[in-house]
Amino acid sequence: MSVLDRNNLIMLLPWLAFASLISILPLAFIYEKGGRVIFYYCAYFSLAGLAVDFYRKKKVLLTDRKALTMLMLGIMFIGWSIYAKYLHGEKGELYFTAGKRCVLAFIIMTYIFHIYHEKYINKSFLIKCCTVSLALAFVTSSSFALLQALTSADRIVLGINRATLTAYAYSAVTLALIALILKMHDGKYKKLYFLIVSIMSLYVILLTQTRSAMVIHSLFLAYMTFRLFAVTRSIKFISVVAVLMLVAAGAGYKLIEKRLDLTLHEYQAYEKGNDRTSLGSRFTMWKTGALSFENAPLGQAQVERNKFIKSYLDAHNNKNSLALFYMNVHLHNEFIQYASLFGVVGVLVLLYFFYVFIVSELILKRTLTPIAAAGIAILLYGMTDVVLTSIEFIVIFSVLVVLLTLKEKNDAL
C-alpha cells in the first residue's frame, strides 16, 4: 500500500466515526437495534482512530471529565458483575453489557473530541451536522410516537419497547433540545422552534403514561417558558404557549386522570398496609434497600441483598410483598440501587456523575445548559426508577452528550 493510500485510509476513520455518531440518535427511538449496531460501529471506528493516532504519536486528551465519568461507571459495572458472577454464583447478564457500553461511550467521546481538536473535519460542517442529528432525533421520535398513538390504544413505547424508559430518554433529549433553542440568538424561528418542541414533547410524554415524566417534564417546560418570557417579555407569545400546553394536556386528560386516580389508590392502599402495587412496592424497596446498604456498606452481590430483604420482610409479616418480585430487576431508585449493590463506592461514583453533568455545567456556564437540563432530568427520574444501568439509555445519553458538548465547544470559541 502506498503512503498516499495509507493516509487516505487514516483520514477516512474520523469521517466514519463521526458519520456513525450523528446517525445514532435519529434511529435509536424508532429502531433500537439499528441505533445499537451503529453505536458499536462508531466505537470500533473510534478505537481504530485512537490506535492510529497513538501510533502516529498524536497528542490525545484522555482526561475529559465527561468521558472519564462514563469510564468510571463502566469499570464499576463490569467489576461488580465479575465479583457477583464468579464469587457468588450470580446468573444472567448482570451489568456486563451496561459496563461495556459505558466503556465504548468513553472511547467514542475521547475520539470525537480528538477529531474536533485536531480539525480532521471542518468545525463549521461538524457543528451543523450535530444540529441536524438532534433535530432529526426529535422529528423521527415524535413522528413515530404519533403513529403509535394512532394505531394503538396502548402506552407508546417507540422502538425501545418500554414505556417508562422511552419517556425518560425522550424527555432528556427534548429538554436538552429546548435548552439549546433558548440559547439561540433571538430571531423569527426561535419562538416557533420552542413552541413546536415544547408542545409536541409534552403530548408525547403524556402518551407514555409515565407518571414521573408527566410531572417532571411539565415542570421543566413551565420553567423554560418563564425563562423565555424573561428574555422576550412577549405576553402574547407566552399566552399562546400556555394555551397550547393546556390543549395538549386536555388531549391527554383521560390519561392524566387515569394515572392520578391510580396513584391516589396505590398510596391509600399502602397506608392501609398493602404494598402489592407499583407505588407501594417502591416504598417498600426504598426502605429495605436503605437497610441493606446499612447492613453491607461496602457493597454485595444481588443474591445477598435480596436474601437480606426477603428475611426482613418475612420477619415483619410481609411475605407477599410485591417488592420481592421487583427487587430482581432493581429497587426503583438510582441511589438506593447503587448503594445496596456497589456500596459507598457506587454512591460516590453516582454523585460524581451528577456533579460533572449538572453542578459543573451550572458553575461554568452560570445558566441551565442543555447538558445540565438532561442531567437534572436523569437525577429526578432516578428518584423513582433506575436509569443509568439501562443499556438503551446509555447509548442515547452518551451520544446526546457528545453532540451537545461539541456545540458548547463551538459556542465558546
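Note: hydrogens, waters and symmetry copies are ignored here, and every other heavy atom, side chains too, is used.
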Checking Arg282 against Ser278 for the side-chain hydrogen bond (donor to acceptor under 3.5 Å, both in side chains) test, could you report, in this order, the C-alpha distance in whole Å, the side-chain angles of both residues, the deciding distance, and whether it holds? CA-CA 6 Å; Arg282 276 173 164 83; Ser278 176; 2.7 Å; yes
Please verify the inter-ring angle class for [X] with [Y]; under 30° counts as parallel, over 60° as perpendicular, anything in between as tilted.
X: Phe125; Y: Trp15; answer: tilted
X: Tyr41; Y: Tyr44; answer: perpendicular
X: Tyr338; Y: Phe342; answer: perpendicular

Quick check on the 6.0 Å ring-centre criterion: do Tyr83 and Trp80 meet it?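 Not under 6.0 Å, so no.
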Answer with yes or no after comparing the ring centroid distance for Phe397 and Phe357 against a 6.0 Å cut-off, counting only values under it. yes
How close do [X] and [Y] get, heavy atom to heavy atom, and via which atoms?
X: Leu27; Y: Gly35; answer: CD2-N, 3.7 Å
X: Lys407; Y: Ile127; answer: NZ-CG2, 3.8 Å
X: Asp385; Y: His330; answer: OD1-CE1, 3.0 Å
X: Thr110; Y: Phe106; answer: OG1-O, 2.8 Å
X: Val386; Y: Glu334; answer: CG1-OE2, 3.4 Å
X: Ile181; Y: Phe194; answer: CG2-N, 3.9 Å

Taking [X] for the side chain and [Y] for the main chain, is one N or O donor matched with an acceptor at less than 3.5 Å?
X: Asn333; Y: Met383; result: yes
X: Gln300; Y: Ser340; result: yes
X: Ser133; Y: Cys130; result: no

Using side-chain heavy atoms (C-beta onward) and a distance below 4.5 Å, is [X] in contact with [Y]?
X: Phe39; Y: Ser398; result: yes
X: Leu13; Y: Tyr111; result: yes
X: Tyr116; Y: Ile112; result: no
X: Met72; Y: Phe353; result: no
X: Ser201; Y: Leu221; result: yes
X: Arg155; Y: Thr210; result: yes
X: Val349; Y: Leu73; result: yes
X: Tyr170; Y: Ser142; result: yes

About how many Å separate [atom2] of [Y] and [atom1] of [X], when rounded to the nearest 0.5 Å?
X: Tyr168; Y: Ile205; atom1: OH; atom2: CD1; value: 10.0 Å
X: Met214; Y: Leu260; atom1: CE; atom2: CG; value: 8.5 Å
X: Tyr355; Y: Ile363; atom1: OH; atom2: CD1; value: 5.0 Å
X: Ser81; Y: Tyr95; atom1: OG; atom2: OH; value: 8.0 Å
X: Arg305; Y: Leu331; atom1: CZ; atom2: CG; value: 4.0 Å
X: Met109; Y: Leu21; atom1: CE; atom2: CG; value: 10.0 Å

Using the rule given for side-chain hydrogen bond (donor to acceptor under 3.5 Å, both in side chains), can you reason through Asn295 versus Tyr312, listing the C-alpha separation, both sets of side-chain angles and the distance that settles it, and then say yes or no? CA-CA 11 Å; Asn295 181 64; Tyr312 178 87; over 6 Å; no
Should the pair Glu266-Arg211 be classified as a salt bridge under the 4.0 Å nitrogen-to-oxygen rule?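 A salt bridge is present here (some side-chain N lies under 4.0 Å from a carboxylate O).
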Are the charged groups of Glu32 and Arg162 less than 4.0 angstrom apart, N to O?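 Salt bridge absent between Glu32 and Arg162.
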Can you check side chain to side chain contact (heavy atoms under 4.5 Å, CB included) on Ile216 and Ser171, steps first, answer last? CA-CA 9 Å; Ile216 293 168; Ser171 176; 5.7 Å; no
Under 6.0 Å from the [atom1] atom of [X], do we count more than 12 heavy atoms belonging to anything else shown?
X: His265; atom1: NE2; result: no
X: Lys365; atom1: NZ; result: yes
X: Tyr40; atom1: OH; result: yes
X: Lys85; atom1: NZ; result: yes

Steps toward side chain to side chain contact (heavy atoms under 4.5 Å, CB included) verdict (Ser360, Arg65): CA-CA 10 Å; Ser360 180; Arg65 288 197 296 182; 2.6 Å; yes
Steps toward side chain to side chain contact (heavy atoms under 4.5 Å, CB included) verdict (Leu71, Val103): CA-CA 5 Å; Leu71 180 62; Val103 173; 4.3 Å; yes
Test side chain to side chain contact (heavy atoms under 4.5 Å, CB included) on Lys409 and Thr405 and set out the steps. CA-CA 6 Å; Lys409 288 178 182 290; Thr405 302; 3.7 Å; yes
I'd like to check the salt bridge (charged side-chain N to carboxylate O under 4.0 Å, His left out) partners of Lys58; sequence neighbours left out, ordered by chain and number.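 Applying salt bridge (charged side-chain N to carboxylate O under 4.0 Å, His left out) to Lys58 gives Glu118.
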